[in-house]
Amino acid sequence: MKRIILALLLLMSVSPLYATTLDGTLRWVRRVELSTPVSGVVRKVDVHAGDEVAKGQLLLSLDDRGFKAQVQKAEAEVIKARGARAEAERELARAKDLYDRTLLSDHELQVAKIAAASAAADFESAKADLTLARLHLEYSHVRAPFHAVVLRRSVEEGQTVVTRMQSVPLLTLAEIGRMLVRIEVGDAQLATLKRGEQVAVRVGARSYTGTVRRIGMEPVTGSGGKYALDIVFSYPPADGLHAGESAVAVLP
């Protein structure tokens, strides 16, 4: 019996040499406020706070009739400019032929060259306007940038969104499947850690394998000289972890 007690005491005395547990708090790895760079009237909002959304899923739509009309107009301008460019190129070829036969002056040839260059520039400008119109149509539909949970919905159907001066946050999302636990470590522990190192993380009764992503370069204010350490880990979405939960990091 004495031998068992001595062995337990010895194990307790040496275990801190091999591992240190530190309390931390869970945070989102990626948290974004989604908006749109175009103004318009919200036609439909497809999600609510707490919904899980897949990457690329449609979340919100503006009334896109005006944007579609702009695309149609821009497409027509491209057709018109393409025809004008082709005609200017034909005129330039004709002018060069006449010039070679000494039937056209230097000035007239130069005028034909300028007209062809101007028509080509107009065509490129029309194509740029079409690209911009298509982008505005695309921006009228907000999609999820990654697998996420909706944290906040700040818009309703029928609401007018004006983004002339700055973007207006419409939906707030956080990535699902990865979390970050932030702990604070002292000088001695800081010296033994490096980015990319694997660290065990416990949240309640569940255990995960994390990776050191960030090591603070300056002490945290009011921490007594300790540095922030961020550990990122993956988890099954079914675990339903939340930012603000308590966690424990097991440092080597």
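Small disclaimer: the values here were computed from a predicted structure and weren't measured.
In this structure, E175 pairs ionically with R30, as a charged nitrogen and a carboxylate oxygen lie closer than 4.0 Å. A salt bridge between D230 and R213 is absent, with no side-chain N of the basic residue lying under 4.0 Å from a carboxylate O of the acidic one. No salt bridge links R82 with E77; every basic N to acidic carboxylate O contact stays at or beyond 4.0 Å. Salt-bridge annotation for D129 and K127: absent, with no side-chain N of the basic residue lying under 4.0 Å from a carboxylate O of the acidic one.
The number of heavy atoms from other shown groups lying within 6.0 Å of OH (Y139) does not exceed 12. R27 CZ: 12 or fewer foreign heavy atoms inside a 6.0 Å radius. No more than 12 heavy-atom neighbours from other residues, nucleotides or ligands sit within 6.0 angstrom of CZ on R65. The local environment of CZ in R202 is sparse, with at most 12 non-hydrogen atoms from other residues, nucleotides or ligands closer than 6.0 Å.
In this structure the side chain of V199 reaches within 4.5 angstrom of the side chain of L251, judged on heavy atoms. With contacts defined as side-chain heavy-atom distances shorter than 4.5 Å, the pair T172/V32 does not qualify. Side-chain contact between L58 and D46 is present, with at least one heavy-atom pair separated by less than 4.5 Å. Counting heavy atoms from C-beta on, the side chains of V220 and Y227 never come closer than 4.5 Å. For the pair H48/V150, no side-chain contact is recorded, criterion being any heavy-atom separation below 4.5 Å from C-beta on. Looking at V248 and L22, their side chains never come closer than 4.5 Å, going by heavy atoms from C-beta outward.
Cluster membership check: V161 shares its hydrophobic cluster with L60, using side-chain heavy-atom separations under 4.5 Å among Ile, Leu, Val, Met, Phe, Trp and Tyr. Hydrophobic clustering, with ILVMFWY side chains joined whenever heavy atoms are under 4.5 angstrom apart, groups V185 together with I215. Residues L170 and L173 share a hydrophobic cluster, clusters being chains of Ile/Leu/Val/Met/Phe/Trp/Tyr side chains in contact below 4.5 Å. Put simply, L26 and W28 are part of the same group of oily side chains (I, L, V, M, F, W, Y) that touch within less than 4.5 Å, one to the next. Using a 4.5 Å cut-off between side-chain heavy atoms of Ile, Leu, Val, Met, Phe, Trp and Tyr, with links allowed through other members, F67 and V45 fall into the same hydrophobic cluster.
L132 CG to R134 CZ: the interatomic distance, rounded to the nearest 0.5 Å, is 12.0 Å. Between the CE atom in M179 and the CD atom in E245 there is a gap of 7.0 Å [rounded to 0.5 Å]. Taking CZ from R153 and CG from L34, the interatomic distance works out to 14.0 Å, rounded to the nearest 0.5 Å. A distance of 12.0 Å separates CG of L109 from CZ of R94, quoted to the nearest 0.5 Å. Between R195 atom CZ and T211 atom OG1 the span is 11.0 Å, to the nearest 0.5 Å. In this structure, R182 CZ and T25 OG1 are separated by 9.5 Å, a value rounded to the nearest 0.5 Å.
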Margin query: Walk me through whether V38 and L62 qualify under side chain to side chain contact (heavy atoms under 4.5 Å, CB included).
Written below: CA-CA 9 Å; V38 295; L62 300 182; 3.9 Å; yes
Check: Are D187 and K226 close enough, and set up right, to give a side chain to side chain contact (heavy atoms under 4.5 Å, CB included), and what steps lead you there?
Finding: CA-CA 7 Å; D187 294 352; K226 292 185 177 181; over 6 Å; no
Margin query: Pair L137, Q70 - check side chain to side chain contact (heavy atoms under 4.5 Å, CB included), show working.
Written below: CA-CA 9 Å; L137 176 59; Q70 289 298 322; over 6 Å; no
Next item on the list: Just do the side chain to side chain contact (heavy atoms under 4.5 Å, CB included) check on E89 and L92 with the steps written out, would you?
Entry: CA-CA 5 Å; E89 288 175 348; L92 177 59; 5.6 Å; no
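Formation of a donor-acceptor pair under 3.5 Å by the R101 side chain with backbone atoms of L103 is not found in this model. Judged purely by atom type and a 3.5 angstrom limit, R206 uses its side chain to pair as donor or acceptor with the backbone of D239. Put simply, the side chain of S39 gets close to the backbone of T163: a donor and an acceptor are under 3.5 Å apart. Side-chain N or O atoms of Q159 include one that pairs as donor or acceptor with a backbone N or O of E156 at under 3.5 Å. A donor-acceptor distance shorter than 3.5 angstrom exists from the side chain of Y235 to the backbone of G177, with no hydrogens or angles considered. Between the R43 side chain and the D63 main chain, no donor and acceptor come within less than 3.5 Å of each other. The backbone N or O of V168 lies less than 3.5 Å from a partner atom in the side chain of S35, making a donor-acceptor pair. Between the side chain of E197 and the backbone N or O of K194 there is at least one donor-acceptor pair closer than 3.5 Å. The backbone N or O of Y99 lies less than 3.5 Å from no partner atom in the side chain of D97, so there is not a single donor-acceptor pair. Formation of a donor-acceptor pair under 3.5 Å by the S154 side chain with backbone atoms of L171 is not found in this model.
In this view, D51 satisfies the salt bridge (charged side-chain N to carboxylate O under 4.0 Å, His left out) rule with no residue, not counting sequence neighbours. Evaluation of the ring pair (Phe, Tyr, Trp, His ring centres under 6.0 Å) rule for Y208 yields F233 as partners, not counting sequence neighbours.
Taking all atoms of both residues into account, the shortest heavy-atom contact from A112 to A95 is CB-CB, 3.7 Å. Taking every heavy atom of both residues into account, P237 and H147 meet most closely at CG-CE1, 4.1 Å. The shortest heavy-atom contact between A144 and V53 is CB-CG2, 3.9 Å. Across all their heavy atoms, I231 and A249 have their closest contact at CD1-CB, 3.7 Å. Heavy atoms only, all atoms of each residue included: D64 and S140 are closest at CB-OG, 3.7 Å.
When each of V201, L241, L229 is tested with V181 by the rule side-chain contact (heavy atoms from CB on, under 4.5 Å), just one qualifies, namely V201.
Neither side chain, Q189 nor T192, offers a donor N or O lying under 3.5 Å from an acceptor on the other.
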